[in-house]
Amino acid sequence: MAMIEISGLLLLFLLGLLAGGVWIAIALLACGWVGMQFVAGGIPAGSVLATTIWGNSASWTLAALPLFIWMGEILFRTRLSEEMFRGLAPWLNRIPGRLMHVNVLACGIFGSVSGSSAATCATVAKIALPELKKRGYDEKLALGSLAGAGTLGILIPPSITMVVYAVAANVSIIQVFLAGFLPGLLVMVLYSGYIAIWSMANPDKAPPPEPPSTFRHKLKESANLIPVSLLIALIFAALLFGWATATECAAWGVVASVGIAWWSGSLSWQAFWLSVMGTVRVTCMIMLILAGASFMSTSMAYTGIPAALATWVDGLHLSPYALVAALTVMYIILGTALDGLSMIVLTTTVVIPMIKSAGFDPVWFGIFLVLVVEMAEVSPPVGFNLFVLQTMSGKDSNFVALASLPFFFLLVVAVAIITIFPDIVMILPRLAFPA
């Protein structure tokens with residue numbers, strides 16, 4: 001059977017399992033198992049399954065995953081996230097859009113210490129939505145900005161998605177982390193710019209400015225930002241100056257977040273236990289997806305489909321920009337059916353050779369991939385952020401999806417900008433690791 005027919009059959013089988021409601025990880029494992037049946041030579045699928053899962057999961061690098069998740073869970077379960085919102089709010093009263101910008105800033109700050117898009121979106125939404133609704137802000141813009149800005153949790157380091165990509169692509173985690181800083185800032189500027197322009201174009205949908213507060217009051221409220229700011233500074237400094245590896249930074253981040261929460265009096269035994277259990281659930285989900293995706297990737301390698309696909313794409317002789325455009329469309333389509341981690345692990349081994357041959361750096365491609373995964377987070381029907389906001393707001397999925405649409409297109413703009421100006425991504429890794 002020709003490679004194109006095998007790949008089509010496996011794709012239909014995978015889509016059928018997903019459409020039937022089978023867990024993504026189990027669907028990937030099953031698809032990998034079926035793919036092994038097409039391998040000539042009678043290679044035992046069971047033995048390959050065992051060795052692949054063990055080889056890909058027994059990694060010191062992956063130890064950073066549960067630690068970063070735990071750090072975000074601790075902040076999610078304590079008062080630290082709420083204090084962060086209070087510290088940002090007084091400085092934004094005179095800017096068009098006013099408190100709506102808190103969604104972007106708070107997501108950026110919390111995302112830098114949580115590493116999880118869903119945790120970032122849920123935490124800030126829990127704090128911001130009641131406040132914005134009470135003050136009369138437009139609910140559609142509030143939901144859209146939260147859906148879009150919530151994705152900053154996987155773009156601004158440290159990021160779980162970046163760790164998974166670095167492991168799958170065999171590149172430096174620290175370099176990928178450093179590469180995410182400026183693109184993260186770029187996305188925040190695009191989001192805030194849209195909010196400001198929308199607010200000026202629709203003044204009747206925003207409440208009047210609140211009475212100005214004194215500079216002293218602003219400084220007093222800003223003191224609430226100190227704990228989280230110290231935590232971010234600790235992690236960033238350790239990464240930037242090489243004091244610790246990414247895994248060690250994750251461990252220090254957990255210790256620091258526990259210490260800060262205890263010092264502030266917001267850490268209870270119940271909150272601590274809930275953070276542990278939340279970490280276990282999310283980590284198990286991610287590791288199971290990684291196991292399924294790694295087995296499917298190995299199965300695809302045995303069948304020769306990735307090599308055939310790479311040869312076919314190479315035969316198209318696409319220009320570098322055309323290749324990026326084609327990959328963007330491909331990942332947007334994949335994002336409607338798969339979660340971000342599965343997209344990364346399933347496609348990295350196939351796409352990396354194309355990217356290298358087109359002259360793009362694998363570190364740059366990691367940020368590109370994170371941006372298109374962000375699009376998947378706000379794309380129905382599998383957009384995790386849409387699910388989070390639908391649950392928290394009580395609105396239907398279509399309302400939340402339409403609200404997030406402008407921020408989806410802003411991510412497309414961000415991809416175009418970093419493609420035309422790749423130094424936005426690469427300048428920090430090159431400064432930290434000169435060739």
Asks: Judged by atom type as modelled, is there a donor-acceptor pair below 3.5 Å linking the side chain of H101 to the main-chain atoms of P96?
Replies: yes
Asks: Restricting to non-hydrogen atoms, name the atom on P362 and the atom on V171 that form the minimum distance, rounded to 0.1 Å.
Replies: CB-CG1, 3.8 Å
Asks: Could you go step by step and tell me if I367 and M162 meet the side chain to side chain contact (heavy atoms under 4.5 Å, CB included) rule?
Replies: CA-CA 8 Å; I367 303 306; M162 287 181 179; 3.8 Å; yes
Asks: Hey, are the side chains of Y165 and V370 touching, using non-hydrogen atoms and a 4.5 Å cut-off?
Replies: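 Of all side-chain heavy-atom pairs linking V370 with Y165, none is under 4.5 Å.
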Asks: Roughly how far, to the nearest 0.5 Å, is CG of D138 from CD1 of I195?
Replies: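 Between I195 CD1 and D138 CG, I get 11.0 Å after rounding to 0.5 Å.
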Asks: Under the rule for side-chain hydrogen bond (donor to acceptor under 3.5 Å, both in side chains), what residues qualify as partners of S172, not counting sequence neighbours?
Replies: none
Asks: Considering only heavy atoms from C-beta outward, does the side chain of E374 approach that of V378 to under 4.5 Å?
Replies: no
Asks: Atom OH of Y194 and atom OG of S199: how far apart are they, to the nearest 0.5 Å?
Replies: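 Interatomic distance, Y194 OH to S199 OG, rounded to 0.5 Å: 9.5 Å.
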Asks: Do the ring planes of Y331 and F368 sit parallel (below 30°), tilted (30 to 60°) or perpendicular (above 60°)?
Replies: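 Perpendicular.
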Asks: Measuring from L146:CG to T151:OG1, what's the distance to the nearest 0.5 Å?
Replies: 11.0 Å
Asks: If I compare all heavy atoms of S275 with all of W70, which pair ends up nearest, and what's the gap?
Replies: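 Looking at all heavy atoms of both residues, the closest pair is OG-NE1, 3.1 Å.
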Asks: Determine the minimum heavy-atom distance between M375 and T328, stating which atoms define it.
Replies: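 Residues M375 and T328, closest heavy atoms: CE-CG2, 4.5 Å.
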Asks: With rounding to the nearest 0.5 Å, note down the distance linking CG in L155 to OG1 in T161.
Replies: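 If I round to the nearest 0.5 Å, the distance is 10.0 Å.
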Asks: Between CG of N202 and CE of M200, what distance do you get to the nearest 0.5 Å?
Replies: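 Output value for this atom pair is 11.0 Å.
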Asks: Which pair of non-hydrogen atoms, one from N103 and one from A142, has the smallest distance, and what is that distance?
Replies: ND2-O, 3.6 Å
Asks: Donor-acceptor pairs are to be reported for all side-chain atoms of residues 173-188 against protein atoms at under 3.5 Å, with residues two or more places apart or in another chain.
Replies:
none

Asks: In residues 403-429, what donor-acceptor pairs under 3.5 Å come from side-chain atoms, sequence neighbours left out?
Replies:
from : atom 1 : to   : atom 2 : distance (Å)
S404 : OG     : V400 : O      : 3.4
S404 : OG     : A401 : O      : 2.9
T419 : OG1    : V415 : O      : 2.7
D423 : OD1    : R430 : NH1    : 3.0

Asks: Between A169 and I352, what is the shortest heavy-atom contact and its length?
Replies: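 Smallest interatomic distance, heavy atoms only, reads CB-CD1, 4.2 Å.
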Asks: How many angstroms lie between CG in L143 and CG in L129, if you round to the nearest 0.5 Å?
Replies: 5.5 Å
